[in-house]
Every structure is written in C-alpha cells, then in structure tokens.
Amino acid sequence: MDNKISAEEMKNEGETTVKESGIESHPYAFHVSGPRNVPSPNWKDLINSSWRKDANYKRTVMACFIQAVYLLELDRQENRTEQNALAPKWWIPFRYKLVETLKDERDGSIFGAILEWDRSAALADFVLIRPSGAPRAVLALRGTILKSQTMRRDIEDDLRFLAWESLKGSVRFSGVLKALKAIADKYGSNNVCIAGHSLGAGFALQVGKALAKEGIYVEAHLFNPPSVSLAMSFRNIGEKAGFAWKRIKSMLPSKSDSQISCEERGATSFPVAIKQWVPHLYINNSDYICCSYTYADGAQNDQAAANKENAKPTNCSQAAAKLFLSSKDNQKFLEAHGLEQWWSDNLELQMAISNSKLISQQLKSLYTMPAAQLTPVKR
C-alpha cells in the first residue's frame with residue numbers, strides 16, 4: 001500500500017512540475033528530441049569558443065535552427081501561442097533570437113527565419129561579447145512538410161527542381177535572396193550564415209551561389225541537399241514515364257524562369273583567380289535524394305551526359321565543397337534523410353574537400369563567367 005501511494009505521489013508531483021513549467025511532452029519538444037550535452041554559451045567561450053574550436057557544435061546549432069523553422073510552421077498550423085510554442089526552445093539555449101520569418105506569399109506558410117545573436121540574453125549569462133566564430137545572423141530554411149496547408153507549394157518547388165534543376169523561378173528564391181543580401185549588408189558577409197535542409201538546402205545552395213557570383217561569400221551549411229542526378233534519373237526511366245514527365249513539366253513555369261542550368265552549360269570558361277566559395281554539405285549515403293553528391297567526377301552512369309561534358313570541357317577544377325559523409329548500414333530512408341541525425345550523439349562523420357561531378361555541375365558557373373562579372377564586392 002505504501003509503495004502504491006508513493007508511486008501515485010511521485011506521478012502527481014511530476015505532472016504538477018510539467019504543468020507549472022509549461023514544458024510539453026511533444027515529440028518535437030527540444031528537451032525530448034533535441035541534442036544532449038550541448039552547453040549554452042558562457043564566459044568560458046570568450047577564451048575558448050565552441051563555435052570556433054568545435055565543428056560538431058556549429059553543425060548541431062545550424063541543424064537546430066533549421067528544426068526551429070519546421071516548428072515555426074507547425075506552430076502556425078496548430079495555432080500555438082507564445083506560451084506553448086515549440087520553436088523558440090530550439091534557438092534560445094544558443095542565445096539567439098528570432099527577428100524575421102520568411103513567408104510564402106501564396107499560402108502564408110513559413111519556410112525560413114532569420115535568427116540574430118541575442119546580446120541581452122548573453123549578457124544575462126555574463127557573456128560580454130559574442131564568442132569568436134558565432135555568426136551575427138543565420139538565415140535558416142526548412143524542407144518539405146507533407147501537411148495539407150503547405151504541401152502543395154512545397155511539392156511544387158520540389159517538382160520545379162526535378163524539372164529544371166533550378167529553383168530560381170520560385171517566389172521563395174527571390175525572398176531568400178533579398179533576405180540574405182539584407183543581413184549581409186547589415187552585418188557583413190563574414191558574420192552571416194545560411195543553412196537549409198532538403199528543399200531548403202537546395203534554396204540555400206542556389207542563393208548562396210547567386211551571391212558568390214556578386215563577390216559576396218556567405219558561409220553555407222546544407223543538410224541532405226537534393227542532387228541534380230535525381231532529376232536525371234527521372235528523365236531516363238522509360239517511354240511511359242517520359243510521357244508523364246512531360247505532363248508534369250507542362251504544369252510548371254516555363255524554363256525561362258529557371259535559367260541556371262542552361263546558362264551554366266553555355267558559359268565560356270575564364271580562368272580567373274577569385275576567392276573560392278566552399279559550401280558545407282552534410283550527406284548520408286543511404287539517402288537517395290542526396291547521396292549522388294558523393295560520386296566522383298565521371299563516376300556516374302549517365303554516359304550521354306558524360307560524353308556531352310567530354311565534348312565541351314570546362315575549367316571547373318576550382319569548384320569544391322566541404323563534404324561531411326554519414327554512412328550507417330541498414331538505415332531506412334526517413335532516418336537517412338532526417339534532420340535529427342545531424343545532432344545525434346553517436347554520429348560519425350568523414351570529412352573531405354570534394355569536387356565530385358554534381359558539385360562541379362552546381363558550382364561551375366562561378367568559375368566560367370566573364371572576368372568583369374567576378375569582381376569581388378567588399379562587405
């Protein structure tokens with residue numbers, strides 16, 4: 001009897017604590033599914049900054065900021081208030097604050113957010129200055145959410161990428177480009193990062209590249225970015241599928257809105273000594289959406305494309321990215337493509353500077369432009 005009463009008392013006490021603290025047991029709550037053993041900034045970071053010394057820390061924070069954007073949209077869809085919102089818990093521990101959300105004008109959905117260093121919150125913890133390596137501002141972009149309120153527009157951009165290998169015609173592209181330019185002008189490009197997951201990583205890559213063409217180099221962290229080869233594979237799966245593919249393309253905007261691929265193919269090579277833009281790519285070998293980024297230059301099976309490239313060689317030797325590869329056996333797709341893996345305690349990564357075929361194809365326009373367009377802009 002005593003044991004039973006004691007257990008009931010413990011249960012009631014626990015429920016009271018949860019209720020009083022306002023903490024939810026939601027699976028996406030930070031204390032439930034967020035990273036473990038990640039310290040908040042403190043005075044020690046003034047001497048030995050985690051941002052500067054620990055690459056795992058920066059990767060974890062960037063992934064958490066992207067998760068916050070997913071949750072900003074879910075909070076909006078589920079009408080959560082400031083008191084029970086899930087998203088803020090994913091940036092507050094790192095002493096950042098939300099200053100702007102990026103919304104799709106077509107359906108009002110939140111697809112991005114700008115987070116800035118929260119000086120007031122840091123001072124409350126006796127962090128007198130921003131730790132070395134911590135960005136002044138981060139632009140974070142989410143991927144596809146398969147819920148009715150945003151699914152249509154998300155999938156429309158997914159199909160846009162599959163059809164044209166570009167997101168340039170999307171209204172989200174122009175919104176992200178405008179926002180990233182604004183914070184780069186405000187804080188300087190060296191103090192700004194852009195981060196995205198899945199479709200958001202596709203936007204981050206192409207917007208970051210667009211700014212790099214203007215001489216504005218912003219650090220980019222791309223988690224499970226969609227690969228161009230996925231589009232290639234859809235185009236070559238048979239006559240019936242080809243007919244369906246044409247129907248899909250006919251429903252999308254014309255290719256005149258998405259000129260990145262054709263511009264790059266027709267560009268003339270001008271070997272110019274410029275500052276190199278090297279994005280950070282986080283790839284899982286079991287994720288068929290992004291795994292093709294690991295293919296060595298010329299190692300893909302698209303012989304026609306290979307012959308075409310051999311016929312018109314370009315000077316893309318400078319195009320490279322920092323590739324962080326996670327390769328676990330027997331992973332299901334949702335786990336391999338998920339964002340949570342990138343703050344996992346048991347994550348094992350291999351890092352290399354890569355100039356794979358897909359990376360070269362994505363970045364080669366940075367090194368095949370007329371010299372007049374490659375003058376660096378001081379920010």
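Everything quoted here is computed from the prediction, not taken from an experiment. Reckoned from all heavy atoms, side chains included, excluding hydrogens, waters and symmetry mates.
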Do the side chains of Val171 and Ile110 join up, straight or via other hydrophobic residues, at under 4.5 Å, putting them in one cluster?
no
A side-chain contact here means heavy atoms from C-beta on lying under 4.5 Å apart; do Phe223 and Met62 qualify?
yes
Quick note, salt bridge (charged side-chain N to carboxylate O under 4.0 Å, His left out) partners involving residues 58-73, not counting sequence neighbours, are Lys58-Glu219, Glu73-Arg76
Distance, nearest 0.5 Å, that separates CG of Asn285 from CG of Leu325:
4.5 Å
Would you check if Pro279 and Leu363 make a side-chain contact, meaning some heavy-atom pair closer than 4.5 Å?
yes
Rounded to the nearest 0.5 Å, how far apart are SG of Cys291 and NE2 of His337?
11.5 Å
For Leu339 and Ala63, which heavy atoms make the closest approach, and how far apart are they?
CD2-O, 3.5 Å
Asp104: salt bridge (Lys or Arg N to Asp or Glu O under 4.0 Å) partners, not counting sequence neighbours:
Arg106, Arg172
On a heavy-atom basis, which atom in Trp90 and which in Pro35 lie closest, and how many Å separate them?
CZ3-CD, 4.2 Å
Minimal non-hydrogen separation, Leu167 against Asp157, with atom names
CD2-O, 3.3 Å
Supply the atom-to-atom distance Ser109 OG to Gln77 CD, rounded to the nearest 0.5 angstrom.
8.0 Å
Salt bridge (Lys or Arg N to Asp or Glu O under 4.0 Å) against Glu335, all qualifying residues, sequence neighbours excluded
none
Expected list for residues 92-101: side-chain donor-acceptor pairs under 3.5 angstrom, two or more places apart:
residue, atom, partner, partner atom, Å
Arg95, NE, Asp125, OD2, 2.6
Arg95, NH1, Ile92, O, 2.9
Arg95, NH1, Pro93, O, 3.4
Arg95, NH2, Asp125, OD2, 2.4
Tyr96, OH, Pro135, O, 2.6

Quick one: are Cys193 and Phe65 in side-chain contact, heavy atoms under 4.5 Å?
no
Does any part of the side chain of Gln149, heavy atoms only, come nearer than 4.5 Å to the side chain of Asp107, both counted from C-beta?
no
Nearest 0.5 Å, what's the CD1-CG distance between Ile66 and Leu139?
10.0 Å
Of Leu180, Ile183, Asn191, which meets side chain to side chain contact (heavy atoms under 4.5 Å, CB included) against Val218?
Leu180
Nearest heavy-atom approach of Asn224 to Gly338 is OD1-O, 3.9 Å
Verify the neighbour count for atom OH of Tyr28: are there more than 12 heavy atoms of other residues, nucleotides or ligands below 6.0 Å?
no
Qualifying salt bridge (charged side-chain N to carboxylate O under 4.0 Å, His left out) pairs with a residue from residues 133-142, counting only residues at least two apart or across chains
Arg142-Asp154
Closest contact, heavy atoms only, Ile216 versus Ser189
CG2-CB, 3.8 Å
Evaluate the side-chain proximity of Phe111 to Thr150: yes if any heavy-atom separation is below 4.5 Å, no if none is.
no
Could you check Leu86 against Leu74 for side chain to side chain contact (heavy atoms under 4.5 Å, CB included), going step by step and ending with a plain yes or no?
CA-CA 9 Å; Leu86 296 171; Leu74 293 180; over 6 Å; no
Looking only at heavy atoms, which two atoms of Tyr288 and Ser227 are closest? And how far apart?
O-OG, 4.5 Å
What distance separates Leu199 CG from Ser170 OG, expressed to the nearest 0.5 Å?
8.0 Å
Quick check, are the ring centers of Tyr57 and Trp51 under 6.0 angstrom apart?
yes
Could you give me the CA-CA distance, side-chain angles and deciding distance for Tyr217 and Trp277, then say whether ring pair (Phe, Tyr, Trp, His ring centres under 6.0 Å) is met?
CA-CA 6 Å; Tyr217 302 95; Trp277 183 63; 8.1 Å; no
Can you measure from OG (Ser198) to CG (Asp158) and round to the nearest 0.5 angstrom?
6.5 Å
Checking Gln67 side chain against Glu340 main chain: does a donor-acceptor pair fall under 3.5 Å?
no
Can you check whether Gln331 reaches Asn284 side chain to side chain, under 4.5 Å on heavy atoms?
yes
Can you tell me if Tyr282 uses its side chain to pair, donor with acceptor, with the backbone of His221 under 3.5 Å?
no
Beyond-backbone contact of Leu349 with Trp342, side-chain heavy atoms, under 4.5 angstrom
yes
Donor-acceptor pair, Ser33 side chain versus Pro27 backbone, under 3.5 Å?
yes
Just to verify, what does Lys147 make a salt bridge (Lys or Arg N to Asp or Glu O under 4.0 Å) with, not counting sequence neighbours?
none
Expected output: side-chain Asp185 to main-chain Ala182 donor-acceptor under 3.5 Å
no
Is any side-chain heavy atom of Val176 closer than 4.5 Å to one of Leu141?
yes
